[in-house]
Q: 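Encoded as C-alpha cells, here's the structure I'll be asking about.
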Amino acid sequence: MSKYNIKINGTTKVVDVDPTTPMLWVLRDHLNMPGTKYGCGIAMCGACTVHLNGMAMRSCQLPVSAVGSQEITTIEGLSEDAAHPVQKAWLEHDVAQCGYCQSGQIMSAVALLKNNPNPNDEDIEAAMSGNICRCGTYLRIKEAIKTAAKN
Amino acid sequence: MKELNKLDRRSFLKTSALAGGGLMLSFSWIAESKAAKTMQNVAADWNELTGYIKITSDNIIKILCPNPEFGQNVMTSLPMMVAEELGVDWDKVVVEMGPHDNVKLGPQFTGGSNSIRMYWKPLREAGATARQMLRQAAAETWSVPIDEITTKSGVIKHSSGKSATYGEMANKAATLTMPKGLQLKAPKDFDIVSTSQKNVEGKKIVTGKPLFGIDYQVDGMLIAMIQHPPAFGMKLQSFDAAQALKMPGIKDVFSFKLYDTDFVQGGFDTRSFNEMIAVVGNSTWEVMNARKRIKAKWEPTGDMIEVMSGRGGNTEVTVPGRLESTENQMAMMAEKAKAPAKEQRKDGDPETAFKNAATVIERTYNAPFLAHNTMEPMNFFAHVQEDKALVVGPVQAPGWMEPTLGKILNLPADKIEIQMTRMGGGFGRRAYGQYVFEAARISQKMKAPIKLIYSREDDMTYGIYRPMYTATYRAALDANKNLIGFHVKGGGIPESPIHANRFPAGAVDNYLAESWEIPSNVTIGAFRAPRSNFNAAAEQSFLDEVAEAMGKDPIEMRLELLKRAKENPVGKNNDYDADRYAGVLELVREKSGWGKAENQKYNRGVAAYFCHNSYAAHVVDMIDRDGSPYVERVTSAMDCGIVINPDAAANMVEGAVVDGIGNAFYGSMTFKEGQADHNNFNSYRLIRHNEAPKQINVHFVKSEADPTGLGEPPFPPVFGAVANALYKTTGKRFYNQPFDSSDQPTNI
C-alpha cells in the first residue's frame with residue numbers, strides 16, 4: 001500500500017492503495033465516485049473514460065501510481081446539475097436508454113470538443129468509436145455532440 | 001391503534017379496486033406487504049392513494065414505477081399513464097422506483113415487451129381512482145355533490161369558486177372507500193399519454209449519480225467475486241487458496257454450492273454451475289488480484305439430472321455432461337436436422353404440394369449462441385442475516401427471485417427484501433437470478449454485507465446465452481410461380497426456434513412446421529426475443545428469395561400473402577393480425593420511398609415481423625463503403641397501438657435497429673471443449689459508432705389500439721432486412737450468422 005495525493009475535479013484527494021490499482025477502482029471503491037463505470041477492464045469499451053490533463057483516458061488502464069501531479073476530471077467534475085453544454089445536449093436529445101455507458105460517452109465527447117470545437121461526422125466517429133453503447137444510442141450521441149458544438 | 005387504522009384506511013384496502021386489472025389480489029395484505037411495514041415508520045405524511053400514488057399535505061405528488069428500469073424507459077412511460085388519469089401536470093410529478101411488492105404493485109416483471117401492455121389498464125385505473133377519491137374528499141369537505149367538482153392540473157374546483165390542491169384533500173381522500181367502475185379517458189382526451197416526455201432520470205444519468213446496482217454500497221460492505229469452472233461440463237474437484245488468502249485485503253476464499261441437491265428449479269432458476277469458489281475482500285482490485293492466485297482443479301461433471309418444476313408437476317431432465325465445441329454442435333445439428341422431427345402444425349397436404357411443385361426452393365439458415373453483454377456486468381448486493389435478508393441490484397423479475405431466495409436461505413418471503421436499482425442493460429439476461437442467489441450465499445457465509453461483481457470475462461463466459469439455432473425452409477411453386485407449399489423444419493441447442501402459427505402460416509394452402517432440439521449443458525435463456533430474432537432473420541430472407549423466384553416485389557409478395565391470410569385464412573390459431581402486419585409493410589413502403597428513383601443508389605432490403613404483440617417492418621439502405629457493406633440509412637415502421645411516449649419509443653426502435661445490425665454482422669459466441677471462445681470486447685465484437693447508420697427514421701402506425709411493447713418487436717426483422725440488403729450489395733445470399741465472417745456458404 002502507498003499513499004497518493006491525487007488532483008480530482010479541482011481538489012486533492014488522498015488514497016492509500018496498492019500502486020497498481022487502476023484509477024477506475026480508486027474512484028469507485030476508495031473515493032465513492034461511482035459515476036465512472038466499469039465495463040471491460042481492458043480499455044475496449046470506454047465506460048471508464050475520464051480526463052487526464054484534459055485528454056480522454058480509460059481509467060481502467062491508468063494505475064494510480066502513474067497519475068502523479070496530473071489533473072483528473074470525472075463525470076462528477078463536469079457539473080453537479082447537468083449545466084455543462086455537453087450534458088445539456090444529452091438531455092435535449094434524451095440520449096440515454098439504460099444510461100450505463102453515458103458518463104464515458106460524455107467524457108469522450110467533452111474531450112473531443114475541446115480539441116475540435118466543430119467536428120464533422122467522421123471526426124465524431126473517430127473520437128467516439130472506443131465507447132460502446134450496447135443499447136445503440138449512437139445516432140443520438142452524434143446529434144447531441146453536434147448540438148453541444150453549436151453552443 | 002390510530003396508526004393502524006390510518007394504514008388500513010389510507011392505502012391498503014384501496015388496492016382491491018385494482019383487481020379488475022387482473023394484477024392485484026383482493027385479500028387483505030396488511031400482514032403481507034413489507035412496504036406497508038416500512039411505511040408505518042418512515043412515511044407519516046404520505047397519503048397513499050392506491051399502491052402507486054403518494055401525496056403529501058403540502059402537495060408533493062409521487063408516482064411509483066412498479067417495473068424495474070433497464071433502458072426501456074418505463075420509469076417515465078408507466079408513471080405517465082398514472083398521471084394522465086390522476087389529472088396532474090407531468091412536470092409536477094416526482095417519480096420513484098417502487099419497492100418490491102407484487103401484491104401492491106402488480107407483477108413487477110420487466111421482460112417480454114410486457115411492461116406497457118400489462119400496466120396500461122391498472123395504472124390508468126389507479127390514477128382515475130385516486131382522482132375520484134380526491135374529488136369525493138372535496139365534495140364531503142365542502143358539502144356539495146361530487147358531480148359539481150372538477151379537477152385540473154392537480155387542483156380541485158367547485159362551481160362556487162372553492163378550490164383546493166390535491167395535497168390539501170389527500171389526507172381525507174386516503175380514508176375513503178375506493179370507487180369502482182370508473183370511466184377512463186378516451187385517447188382523444190389524453191394530455192400526457194402520446195406526448196414526448198424526457199427520461200425522468202436523464203439528469204442523474206448525465207451527472208454520473210449512483211443509479212446502478214454496481215454503484216450500490218453500504219458501510220462495512222465487502223466485495224466478492226467468483227471463480228467458476230472454466231468450461232460448461234466441468235465442476236470443481238479441489239482448490240488451494242493459501243496464496244490467495246495471503247493477498248492484501250482478502251477476507252476469505254471458500255467454495256459454495258448454489259442449490260442443495262433436492263432443489264427443484266423453476267423456469268428462471270437457470271444456473272451455469274452449482275459449485276464455485278468465492279473470493280471476498282475489501283476492494284474490487286484486491287479481490288481480482290487474489291482470485292488469480294487460486295489454484296483450482298476441475299473435473300468433468302458427467303451427465304447431470306436436474307429436477308424442474310412445471311405445470312404438470314416436477315420433471316427430471318438429464319443435462320448431458322459432454323464438453324461441447326461449436327464444430328460438433330454444428331455437426332450434431334446437421335445430423336439431427338435430417339431425422340424425423342415433431343410436427344407442430346400441418347395445413348392441407350404439403351407432401352403432395354412439394355411432389356407436384358414445378359420449383360422447390362430449399363435453404364438452411366444457422367445462427368450461433370449470443371452473449372448479452374449488458375454494459376453493466378452482473379452484480380448484486382446481499383446482506384443476509386439470521387432472520388432476514390436484504391438484496392439490492394439490477395434484476396428484471398424480483399418476484400421470481402424471492403421464492404428461490406426463500407428456499408436457499410430458508411427464510412419466509414416477508415423476511416426477504418429485494419430493492420431494484422436501475423439496470424445497465426438487460427436484454428433478458430437479468431430475468432435469471434443466478435448472480436442474486438450467489439450474492440446471497442456468499443453474504444450468508446461471510447455474515448456480512450457483500451457486493452458480488454462479475455468481471456467482464458465472468459459475464460461473457462458464464463452466460464445465459466441466446467441459443468444456437470438452425471432451420472431449413474422449403475417453398476413449393478407451381479408452374480405459374482404461385483406459392484403452393486411452405487415447410488419449415490427447425491431446431492436448436494437446446495431449444496427449437498419454431499413458432500408454428502406465425503406468418504406465413506395461414507397464408508399458404510399447404511403448410512408444415514416441424515421442430516427438434518438437442519439437450520446441452522450450455523445455459524441459455526431470453527435474449528430480446530431469442531427465437532423470433534432467429535426466425536425473422538431466416539424466414540424473412542427466405543421469403544425475399546422466394547419473392548425473387550416468383551418474380552415479385554418482396555413487399556408486394558408479402559402483402560399478397562397477408563391479403564390471403566386475412567380474406568381466407570388457412571388453418572386455425574394464426575398468431576397475427578394480417579391487417580396490422582400489412583399496415584407496417586405499407587407504411588414502410590411509403591416512408592422509405594420504396595421503388596423511387598432517388599433511392600437507386602441504395603441496395604435495399606426489407607423485412608417485417610410480428611412478435612410480443614407489436615408489428616415491425618424495416619427497410620435497410622446499404623452501400624458499399626470502402627469495400628465493405630455498410631447500412632447507411634434505415635426506415636422503420638411500427639405498430640404498437642397507442643404510443644405512450646413517442647420520442648422515447650423512437651429511441652427504443654433506433655436502439656433495436658443498431659443492436660440488430662450489430663448482432664447480425666458480428667454477434668457470435670463459440671465454444672471449444674465447453675469453454676467460451678470469447679471473454680471480452682477485444683474478441684467479441686459489438687457494433688460501434690462508426691458502424692451505426694447515419695439515419696434511422698422511425699414511423700408509427702396511428703392507432704387507438706391498446707398499447708403494446710417495443711423492447712423486442714423492432715429487433716428481429718432487422719436481421720432479415722440486413723440479409724436482404726447484403727444480397728443486393730454483394731450478389732450473394734447470407735445464410736449463416738454472423739454475416740461478417742469469411743465462411744459464408746455459396747449455395748446459390
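Keep in mind that this is a model prediction, so the values were computed, not measured.
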Q: Check for a donor-acceptor pair, side chain of B:Asn645 on one end and backbone N or O of B:Ser77 on the other, with a separation under 3.5 Å.
A: no
Q: Checking heavy atoms, do the side chain of A:Leu91, its backbone, both or neither come under 4.5 Å from chain B?
A: both
Q: Does this structure show an ion pair linking A:Arg140 with B:Glu654, if we count only N-O contacts that are shorter than 4.0 Å?
A: yes
Q: Give the member of B:Ile687, B:Ile214, B:Asp459, B:Thr207 that has the highest number of heavy-atom pairs under 4.5 Å with chain A.
A: B:Thr207
Q: Parallel, tilted or perpendicular: which one describes the rings of B:Phe527 and B:Phe715, with boundaries at 30° and 60°?
A: tilted
Q: Are A:Lys142 and A:Glu125 close enough for a salt bridge, meaning some N to O gap below 4.0 Å?
A: yes
Q: So, B:Glu69 and B:Asn67: side-chain donor and acceptor under 3.5 Å apart, yes or no?
A: no
Q: Among A:Gly99, A:Ser79, A:Ser103, which has the most heavy-atom pairs under 4.5 Å with chain B?
A: A:Gly99
Q: Flag the pair B:Asp659 and A:Arg134 as a salt bridge only when some basic side-chain nitrogen lies within less than 4.0 angstrom of an acidic carboxylate oxygen.
A: yes
Q: Considering only heavy atoms, which portion of A:Lys88 lies under 4.5 Å from any heavy atom of chain B: side chain, backbone, both, or neither?
A: neither
Q: Report which part of B:Val206 has an atom under 4.5 Å of a heavy atom belonging to chain A: side chain, backbone, both, or neither.
A: both
Q: Set out, in order, the CA-CA distance, both residues' side-chain angles and the distance that settles side-chain contact (heavy atoms from CB on, under 4.5 Å) for B:Tyr454 and B:Met225, then state yes or no.
A: CA-CA 6 Å; B:Tyr454 282 21; B:Met225 297 189 90; over 6 Å; no
Q: Check this for me, if you would: do B:Asp215 and B:Arg422 make a salt bridge, where the nitrogen-to-carboxylate-oxygen distance has to be below 4.0 angstrom?
A: no
Q: Counting only N and O atoms by type, is there a donor-acceptor contact under 3.5 Å from the side chain of A:Asp94 to the main-chain atoms of B:Ala648?
A: no
Q: For B:Arg685, is there an ion pair with B:Glu691 - N to carboxylate O distance below 4.0 angstrom?
A: yes
Q: Quick check on A:His84 against chain B: is it the side chain, the backbone, both or neither that has a heavy atom closer than 4.5 Å?
A: neither
Q: Quick check on the interface: out of B:Thr374, B:Ile205, B:Asn282, who has the most heavy-atom pairs with chain A under 4.5 Å?
A: B:Ile205
Q: With only heavy atoms counted, which part of B:Asn663 is less than 4.5 Å from chain A, the side chain, the backbone, both or neither?
A: side chain
Q: Less than 4.5 Å to any heavy atom of chain A: does that hold for the side chain of B:Leu686, its backbone, both, or neither?
A: side chain
Q: Are A:Lys146 and A:Asp121 ion-paired here, with the side-chain N under 4.0 Å from a carboxylate O?
A: yes
Q: Considering only heavy atoms and a distance below 4.5 Å, find which of A:Gln97, A:Met128, A:Lys37 pairs most often with chain B.
A: A:Gln97
Q: Do B:Glu286 and B:Lys251 meet the salt-bridge criterion of a basic N to acidic O distance under 4.0 Å?
A: no
Q: Look at B:Val657, B:Ile696, B:Ile661, B:Asp647 and state which one has the largest set of heavy-atom pairs under 4.5 Å with chain A.
A: B:Asp647
Q: If we ignore hydrogens and angles and just use 3.5 Å, is the side chain of B:Asn289 paired with the main-chain N or O of B:Trp285 as donor and acceptor?
A: yes
Q: In terms of heavy-atom proximity below 4.5 Å to chain B, should A:Met1 be classed as side chain, backbone, both, or neither?
A: side chain
Q: Please look at A:Ile106 and chain B and tell me whether the side chain, the backbone, both or neither of the residue comes under 4.5 angstrom of a heavy atom of that chain.
A: side chain
Q: Check each atom of A:Glu122 against the heavy atoms of chain B and say whether the ones under 4.5 Å are side chain, backbone, both or neither.
A: neither
Q: Show, in sequence, the C-alpha distance, side-chain angles and deciding distance for A:Asn9 and A:Thr73, and conclude whether the side-chain hydrogen bond (donor to acceptor under 3.5 Å, both in side chains) test is met.
A: CA-CA 5 Å; A:Asn9 300 333; A:Thr73 310; 4.6 Å; no
Q: Given heavy-atom pairs under 4.5 angstrom as the criterion, report whether the side chain, backbone, both or neither of B:Met375 touches chain A.
A: both
Q: Check whether B:Met652 gets within reach of chain A through its side chain, its backbone, both or neither, counting any heavy atom under 4.5 Å.
A: both
Q: Does any N or O in the side chain of B:Ser113 come within less than 3.5 Å of the main-chain N or O of B:Glu712, such that one atom is a donor and the other an acceptor?
A: yes
Q: Using a 4.5 angstrom heavy-atom cutoff, name the option from A:Gly41, A:Gly77, A:Ala82, A:Cys133 with the most pairs to chain B.
A: A:Ala82
Q: Has B:Asn199 got a side-chain atom pairing as donor or acceptor with B:Glu201's backbone, closer than 3.5 angstrom?
A: yes
Q: Let me know if B:Phe70 has heavy atoms under 4.5 Å from chain A in its side chain, its backbone, both or neither.
A: backbone
Q: Which one, B:Ile453, B:Asn690, B:Asn651, leads in non-hydrogen pairs under 4.5 Å with chain A?
A: B:Asn651
Q: What part of B:Ser196 gets closer than 4.5 Å to chain A, counting heavy atoms only: side chain, backbone, both or neither?
A: neither
Q: Using heavy-atom distances under 4.5 Å, tell me whether A:Thr36 contacts chain B through its side chain, its backbone, both, or neither.
A: neither
Q: Which region of A:Gln87, side chain (C-beta onward) or backbone (N, CA, C, O), has a non-hydrogen atom less than 4.5 Å from a non-hydrogen atom of chain B, or is it both or neither?
A: both
Q: Select, from A:Ala126, A:Ala43, A:Ser129, the one with the greatest count of heavy-atom pairs under 4.5 Å involving chain B.
A: A:Ser129
Q: Under a 4.5 Å heavy-atom cut-off, does chain B meet the side chain of A:Val95, its backbone, both or neither?
A: backbone
Q: Checking heavy atoms, do the side chain of A:Asn32, its backbone, both or neither come under 4.5 Å from chain B?
A: both
Q: Examine whether an atom of B:Lys204 lies under 4.5 Å from a heavy atom of chain A, and if so say whether it belongs to the side chain, the backbone or both; otherwise answer neither.
A: neither
Q: Quick check on A:Ile141 against chain B: is it the side chain, the backbone, both or neither that has a heavy atom closer than 4.5 Å?
A: side chain
Q: Mind ranking B:Ile223, B:Leu211, B:Asn373, B:Asn73 by heavy-atom pairs under 4.5 Å with chain A and telling me who comes out on top?
A: B:Asn373
Q: I'd like to verify something: which residue of A:Thr74, A:Ile132, A:Leu78 has the highest number of heavy-atom pairs under 4.5 Å with chain B?
A: A:Ile132
Q: Taking all heavy atoms of A:Cys40 and all of B:Arg456, pick out the closest pair and write down the distance.
A: CA-CB, 3.8 Å
Q: For chain B, which candidate among A:Gly136, A:Gly35, A:Ala47, A:Gly130 shows the most heavy-atom pairs at distances under 4.5 Å?
A: A:Gly136
